[in-house]
Amino acid sequence: MARKALILVEGHPGNGPLYIQAAQLLGLHPITLSADPAQYDYIAAKGIEAIRVDTDNLDSLIRDCSRISARYDLAGITGFAFCNEPLSATVGKLCRNFELPGPKPESIERCCDKFAQRQYLSEAGVPMPAYGVGEKLEEVESSAAKVGLPVVLKPVMGAGSRGVRLCRNRDEVVEHTKYLLCGDYAWRCSPRILVEQFAQGPHYIAEIMEGEIIGITAGYFGPLPHFAFSGMTFPAPLTDDEYSRIADVSLSCLRALGLGWGPTCIEFRWTKRGPVVIEVNPRLAGAPDPQLIQLACGVDLITEHIKLVTGKKCDLRRRHSHTAAARFLRPDRDGILEWIDTSRAAAVSGVTEIRLYVGPKTPLTSKGEDSDCIGRVIAASPNLAQTEAILQRAVDLVDWSIKPIPTGKERSTIPNTTPEQGTGKK
């Protein structure tokens with residue numbers, strides 16, 4: 001009997017290794033298809049089979065999956081929209097081609113374009129911030145004037161807080177628009193900017209699998225004008241009424257966008273008029289959300305997603321009721337990381353994970369994005385107050401040294417190292 005293979009299209013620095021581990025525990029052989037497998041360190045470290053292919057080309061993916069099916073029993077296909085949101089739709093088309101379980105490509109495509117997503121949600125009466133769109137500076141300025149300052153500008157396609165900024169006045173709108181349209185921002189599609197009313201209030205994420213709300217995560221951001229996560233708590237400290245209102249709006253989003261198969265995460269702000277939708281993501285939230293959920297209620301969303309992908313029924317029953325939280329480590333200055341010590345923090349009872357994204361000699365430059373962070377700390381306990389106390393103590397015990405970035409000829413000695421993409425800040 002041929003061995004069962006799970007195809008993973010592209011990878012993810014946080015969730016990727018978790019999918020590899022879960023697949024192997026389920027008796028599956030994971031194979032990664034990627035335009036550049038070397039960009040995911042865990043593939044080589046774990047000795048995972050990988051094939052180089054243009055993952056933007058559906059025909060190429062079909063061809064390579066067909067070759068794999070000649071060697072293995074093709075059990076399922078999934079993927080990671082880490083830097084390329086439309087990839088999720090491509091994975092859906094790939095699943096459909098091989099008659100395997102997967103998301104509806106047309107539903108995914110409605111979500112990937114943030115402006116189109118807002119139009120579908122607006123037609124369904126889903127509460128959202130006022131919004132507009134622009135391809136040129138004049139159009140962005142006009143949309144900002146209609147929406148009303150302050151506004152949030154973001155690329156219509158993208159993830160990880162890249163290119164997202166709060167603009168409080170016209171000058172900041174002009175400055176950030178010029179950066180997005182004419183600066184160093186790397187577009188994967190025709191440049192278009194979503195202009196969004198700044199919704200003020202606590203940030204929440206509805207974690208959903210198969211149309212069932214597993215729970216709601218509280219997310220915390222660092223200093224404005226950027227929107228990089230500083231920490232997360234699951235479950236969020238909400239009243240029954242607040243939870244119910246977020247859950248109701250979440251289900252309205254699924255209906256409006258035709259979602260329901262597999263994982264979805266929906267981001268909210270709780271404003272004076274209640275919960276308003278910031279973004280619907282037709283995928284599992286990136287790490288550490290899955291770990292927090294598993295620690296808090298015993299549901300392993302990654303394993304259950306793989307079960308769905310391979311045609312099995314998932315089990316979303318809660319096993320216990322704890323509180324788990326993460327805090328992200330972000331350098332307090334630009335420079336070269338000389339050393340970082342987490343040994344004392346790791347010894348704190350209740351700390352379940354300390355993960356570093358970078359090592360010594362790494363250049364650190366703040367861009368106000370999720371990729372700025374250098375690591376994370378996770379803790380769990382039976383209640384919120386205890387978890388927060390554990391986490392704070394552990395974070396206070398993490399220590400590091402950063403030296404200034406050399407100038408002139410000295411810069412040539414800096415190693416060309418890019419920090420692993422992560423989420424958050426200290």
Taking the side chain as everything from C-beta on, heavy atoms only, tell me whether [X] gets closer than 4.5 Å to [Y].
X: Val277; Y: Met128; result: yes
X: Trp400; Y: Leu329; result: yes
X: Thr90; Y: Pro86; result: no
X: Leu337; Y: Pro331; result: no
X: Ile62; Y: Leu94; result: yes
X: Leu180; Y: Pro155; result: yes
X: Tyr131; Y: Ser122; result: yes
X: Asp289; Y: Cys265; result: no

| Qualifying residue, where the test is side-chain hydrogen bond (donor to acceptor under 3.5 Å, both in side chains) with Ser381 and the options are Thr352, Thr387, Thr323 |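 It is Thr387; the other options fail the test.
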
Look up atom [atom1] in [X] and atom [atom2] in [Y], then write down how far apart they are to the nearest 0.5 Å.
X: Cys253; Y: Glu279; atom1: SG; atom2: CD; answer: 11.5 Å
X: Cys167; Y: Leu224; atom1: SG; atom2: CG; answer: 11.5 Å
X: Thr342; Y: Ile354; atom1: OG1; atom2: CD1; answer: 4.5 Å
X: Ile20; Y: Asn15; atom1: CD1; atom2: CG; answer: 11.5 Å
X: Asp300; Y: Ile306; atom1: CG; atom2: CD1; answer: 8.0 Å
X: Cys65; Y: Leu58; atom1: SG; atom2: CG; answer: 9.5 Å

| task | In sequence, state the C-alpha distance, the side-chain angles, and the governing distance for Asp113 and Met157, and then conclude on side-chain contact (heavy atoms from CB on, under 4.5 Å). | result | CA-CA 6 Å; Asp113 184 314; Met157 289 189 182; 4.2 Å; yes

Where the side chain of [X] meets the backbone of [Y], is there a donor-acceptor pair that is under 3.5 Å apart?
X: His176; Y: Lys154; answer: no
X: Asp334; Y: Ser366; answer: yes
X: Glu242; Y: Thr239; answer: yes
X: Glu10; Y: Ala35; answer: yes
X: Asp315; Y: Arg317; answer: yes
X: Ser143; Y: Val133; answer: yes
X: Thr362; Y: Gly359; answer: yes
X: Ser244; Y: Asp240; answer: no
X: Arg269; Y: Gly201; answer: yes
X: Asp372; Y: Glu369; answer: yes

| Distance-only donor-acceptor check, side chains Tyr220 and Arg327, under 3.5 Å | no

Please determine if [X] and [Y] form a salt bridge, counting it only when a charged side-chain N lies under 4.0 Å from a carboxylate O.
X: Arg192; Y: Glu139; value: no
X: Arg67; Y: Asp64; value: yes
X: Glu304; Y: Lys307; value: yes

Donor-acceptor pairs under 3.5 angstrom involving side-chain atoms of residues 68-75: please list them, not counting sequence neighbours.
{"from": "Ser69", "atom 1": "OG", "to": "Ser66", "atom 2": "O", "distance (Å)": "2.6"}
{"from": "Arg71", "atom 1": "NH1", "to": "Glu49", "atom 2": "OE2", "distance (Å)": "3.3"}
{"from": "Arg71", "atom 1": "NH2", "to": "Glu49", "atom 2": "OE2", "distance (Å)": "2.8"}
{"from": "Tyr72", "atom 1": "OH", "to": "His29", "atom 2": "NE2", "distance (Å)": "3.3"}
{"from": "Tyr72", "atom 1": "OH", "to": "Glu49", "atom 2": "OE1", "distance (Å)": "3.3"}
{"from": "Asp73", "atom 1": "OD2", "to": "Lys4", "atom 2": "NZ", "distance (Å)": "2.9"}

Do other residues, nucleotides or ligands put more than 12 heavy atoms under 6.0 Å from the [atom1] atom of [X]?
X: Lys104; atom1: NZ; answer: no
X: Arg393; atom1: CZ; answer: no
X: Glu267; atom1: CD; answer: yes
X: Tyr120; atom1: OH; answer: no

| request: Using the ring-ring contact (aromatic ring centres under 6.0 Å, His included) rule, collect all pairs that involve residues 277-310, keeping only residues at least two apart or in two chains. | output: Tyr19-His305

| request: With sequence neighbours excluded, give me every ring-ring contact (aromatic ring centres under 6.0 Å, His included) pair touching residues 32-70. | output: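 Not a single pair qualifies under ring-ring contact (aromatic ring centres under 6.0 Å, His included).
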
| How far apart are the C-alpha atoms of Leu8 and Phe80, what are their side-chain angles, what is the distance that settles it, and do they pass the side-chain contact (heavy atoms from CB on, under 4.5 Å) test? | CA-CA 8 Å; Leu8 301 172; Phe80 306 94; 4.1 Å; yes

| task | Show your working on side-chain contact (heavy atoms from CB on, under 4.5 Å) between Ile378 and Arg355 and close with a plain yes or no. | result | CA-CA 9 Å; Ile378 296 178; Arg355 181 172 180 182; over 6 Å; no

| said: Restricting to non-hydrogen atoms, name the atom on Ser107 and the atom on Gly258 that form the minimum distance, rounded to 0.1 Å. | reply: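 Closest pair (atom of Ser107, atom of Gly258, distance): OG-O, 2.7 Å.
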
| Is there any salt bridge (Lys or Arg N to Asp or Glu O under 4.0 Å) pair reaching into residues 116-131, and which pairs are they, with sequence neighbours excluded? | Arg118-Glu196

Using residues 95-103 as the side-chain source, report each donor-acceptor pair under 3.5 Å to any protein atom, sequence neighbours left out, with the distance given to one decimal.
{"from": "Arg96", "atom 1": "NH2", "to": "Glu106", "atom 2": "OE1", "distance (Å)": "3.4"}

Could you pull out every donor-acceptor pair under 3.5 Å between side chains of residues 206-215 and any protein atom, sequence neighbours left out?
{"from": "Glu207", "atom 1": "OE2", "to": "Thr217", "atom 2": "OG1", "distance (Å)": "2.8"}
{"from": "Glu210", "atom 1": "OE2", "to": "Gly262", "atom 2": "N", "distance (Å)": "2.7"}
{"from": "Glu212", "atom 1": "OE2", "to": "Arg318", "atom 2": "NH1", "distance (Å)": "3.0"}

| request: For the pair Ile205 and Phe234, evaluate side-chain contact (heavy atoms from CB on, under 4.5 Å) and give the outcome as yes or no after the intermediate values. | output: CA-CA 10 Å; Ile205 306 166; Phe234 183 93; over 6 Å; no

